[in-house]
Amino acid sequence: MAEKVLMKGNEALAESAIRAGCRCFFGYPITPQTEVAAYMAKRMPQIGGTYLQAESEVAAINMVYGATSTGTRAMTSSSSPGISLKAEGISYLAGSDLPAVIINICRGGPGLGGIQPAQSDYNQATKGLAHGDFHILVLAPNCIQEMCDLVSDAFDLADTYRMPAMILGDGMLGQMMEPVALPEPHESKIEKPWAACGTEMKRPHNVINSLYIKPDELERIVMDRYARYRHIEENEVRYEEFMTEDADIVIVAYGASSRIARNAIMAARAEGIKVGMFRPITLWPFPKKALDRVADTARAFLTVELSMGQMIDDVKLAINCRRPVYLANRTGGMVITPNEILAKIREIKGETL
Amino acid sequence: MAKLTFNEDRCKGCGLCVSVCPKKILRLSENKFNKEGYTAVECIDMSQCIGCAMCATMCPDVVIRVEK
Amino acid sequence: MSIVFDRPKSLTDVPLHYCPGCTHGIIHRLVAETIDELGIEGKTIGIAPVGCSVFAYNYFNCDMIEAAHGRAPAVATGAKRANPDRILFTYQGDGDLAAIGTAETVHAATRGENITVIFVNNAIYGMTGGQMAPTTLPGQVTQTTPYGRDPQIAGYPVRICEMLSALDGVALAQRVAVDSVPHIRDAKKAIRRAFENQINKRGFSIVEVISSCPTNWGMEPVKALEWLRENMLPYYPLGVYKSKE
């Protein structure tokens, strides 16, 4: 185990990306993720990589598209309004079967919204990122160590499945400091025979493209991609359970809200209410089967979200509405407190148990 | 002495080559169609060709090979 | 007898999808001839646009990347930064480069991004059936300027070479045409220079090629080139607008 160092979430994530072989970073300043760009601007020249401040989020994601088309590990980071601008490029990455890592340090919306932590981009990340039939991998860390570990995994998963992967964090995780054990620098062994990096006159030309004029061809390509998605749903689901075995009420929360929920669980248990937590780490693929198993024993669910309730729909679908699903939430950059969650737990106890 | 070779089935009958030929020896065939249905270019007197390649330079479909 | 003119090797041996008399084919060939002459096919990566030349990725034997509409200079930037020893060119039309991709074009140029841009200006959106382009001439009738482009309503055309020549990062901004054999020969020289600049790490080079669109202009191919000479060349004078030695 490497020695632990105290680092800010955004910077730890950036360092971990470099250690995972990220050699190109294209960004644009936006609060609360700018530390990622600033860190990359400092570190990339030291390792012979590229940091480039793009003229826009649109240009940044297309620079990622260009770099990853040649087989180079590339990343961009932004916050909510910037991710909306990157949507076009992410659709093209998905449509061209290109790996890439995209960081969203989510803030309140819609529109310019605010700059405080939020989780209101859940639906955007997992369902409606851009035009067309496609998914991207969405990983949601809840501590700085996980920010490091998941960004490293995101590069491997993206290369393995040839698709974009997103780290969905929030301003709280990005800005806070914790001790982390940084991963050792590692080289990827994943080969990229598809890369458009120059033929060297040794092979036919490679073409990176998402255009299929013949509808039967496009349908086949999309269906093949969805077969890959099914494989991912079977094999790459990640989640963490906390005191769910005997829980009557199971909180479902990810990222920053899962940290707060943990405090509420301990307080509820002290009052004799059996509460546990199911924490999805992959938001896509969502851990549907595992959550459905929890519904065999739990009597009610409570999603804790820093939004008007977006993941709650996935929870209801996963358990086929077999149990009541409640919501404890704040939005707009307001952070929910353990007491607010505890109040909701007491309310559920009164209604359901 | 020069020779033109036409990749006839690639010709779209646009006539740009005809318009630049200094010897006026190219024309679009009047009753012969290529497999795409275009009236392709033909040379009416190869003996007059000087191999200047102006036709090939002007051709948007790389139909013409020139030897000299 | 020896061959004095033949298909360049870096052009794939497939029929081009362009309309009869469309000059895209000539420009493709000039790019391919340049790649052959410089012996760089194996290290060249081309970026195709959205528009009539969207299928350019099928026509060059070098590796090709299809970009989103207007984003080719950003895609080329990413590919070039990741692979400084590769030769990157973009091939873009007027809607792609001068309307939806203006920001990407201007910023790649001002950064002095060491890439080669082939900009085909035929004053119209071809692929979508003949709508007004940023380069459509005042008075020119298109599907979306049915009474002729009125600058009071639709604004004035954009002159890209003139505009980019003001930027420090630009190594070459040259406007050429493909309406005649002498002009095509000049165009070839300009394209070759734009690639040589990149090999010599001089920075951003753009060659604007004044081109025709017989189908959407509603003219016979030969007539379209006459119209180009009479109408486009006075508005878009040929020449070198910027050249860093």
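To find a chain, count down the sequence lines: A is the first, B the second, and so on, and within it residues start at 1.
Annotation: side-chain hydrogen bond (donor to acceptor under 3.5 Å, both in side chains) contacts of Glu66(C) (sequence neighbours excluded): none.
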task: Run the numbers on Tyr241(C) and Gln174(C) for side chain to side chain donor-acceptor pair (under 3.5 Å), then give the verdict.
output: CA-CA 6 Å; Tyr241(C) 286 84; Gln174(C) 184 169 351; over 6 Å; no
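Inspection of the Ser91(A) and His131(A) side chains reveals an N or O donor paired with an N or O acceptor under 3.5 Å. Side chains of Thr12(C) and His205(A): a donor-acceptor N/O pair is absent below 3.5 angstrom, by distance only. Ser80(A) and Asp121(A) are linked by a side-chain donor-acceptor pair at a separation below 3.5 angstrom, with hydrogens and angles left out of the test. Counted by atom type alone, Tyr125(C) and Thr136(C) present zero donor-acceptor pairs between their side chains at under 3.5 Å. Counted by atom type alone, Gln33(A) and Ser77(A) present one or more donor-acceptor pairs between their side chains at under 3.5 Å. A donor-acceptor contact closer than 3.5 angstrom is absent between the side chains of Lys86(A) and Ser78(A).
For Val207(A), the parts lying under 4.5 angstrom from a heavy atom of chain C are both the backbone and the side chain. Residue Ile45(C) touches chain A through its side chain alone, counting heavy-atom pairs closer than 4.5 Å. With a threshold of 4.5 angstrom between heavy atoms, Leu52(A) approaches chain C through side-chain atoms but not through N, CA, C or O. Heavy-atom distances place the side chain of Val54(C), and not its backbone, under 4.5 Å from chain A. Within the 4.5 angstrom heavy-atom criterion, only side-chain atoms of Glu88(A), from C-beta onward, approach chain C. With a 4.5 Å cut-off on non-hydrogen atoms, Ala195(A) touches chain C through its backbone but not through its side chain.
Looking only at side-chain heavy atoms (C-beta outward), Ile61(A) and Leu93(A) come within less than 4.5 Å of each other. Between Ile65(C) and Asn206(A), every side-chain heavy-atom pair lies at or beyond the 4.5 Å cut-off.
Atom CZ in Arg43(A) sits 6.0 Å away from atom CD1 in Ile47(A) (nearest 0.5 Å). Remark: Ile167(A) CD1 to Leu139(A) CG distance equals 4.5 Å, nearest 0.5 Å. Here the straight-line distance linking atom CZ of Arg7(C) with atom CG of Asp13(C) works out to 5.0 Å at 0.5 Å rounding. For the atom pair CD1 of Ile124(C) and OG1 of Thr142(C), the computed distance is 5.5 Å after rounding to the nearest 0.5 Å. Atom CZ of Arg19(A) and atom CG of Leu182(A) lie 4.5 Å apart (nearest 0.5 Å). Between atom CD of residue Gln53(A) and atom CZ of residue Phe26(A) there is a gap of 12.5 Å, rounded to the nearest 0.5 Å.
Heavy-atom pairs under 4.5 Å with chain C peak, among Met201(A), Arg23(A), Glu55(A), at Glu55(A). Taking chain C as the reference chain and counting heavy-atom pairs below 4.5 Å, the highest number among Val64(A), Thr68(A), Val58(A) is found for Val58(A). Heavy-atom pairs under 4.5 Å with chain C peak, among Ile213(A), Asn209(A), Thr50(A), at Asn209(A).
Close approach to chain A, defined as a heavy atom under 4.5 Å from one of its heavy atoms, is seen in Glu41(C), Gly42(C) of residues 23-42 of chain C, taken by number. Heavy-atom proximity under 4.5 angstrom to chain A picks out Ala74(C), Val75(C), Thr77(C), Gly78(C), Ala79(C), Arg81(C), Ala82(C), Asn83(C) from residues 72-83 of chain C. When the heavy atoms of residues 115-123 of chain C are compared with those of chain A, none of the residues falls under 4.5 Å.
Checked against the 6.0 Å centroid criterion, the rings of Phe60(C) and Phe89(C) qualify as a close aromatic pair.
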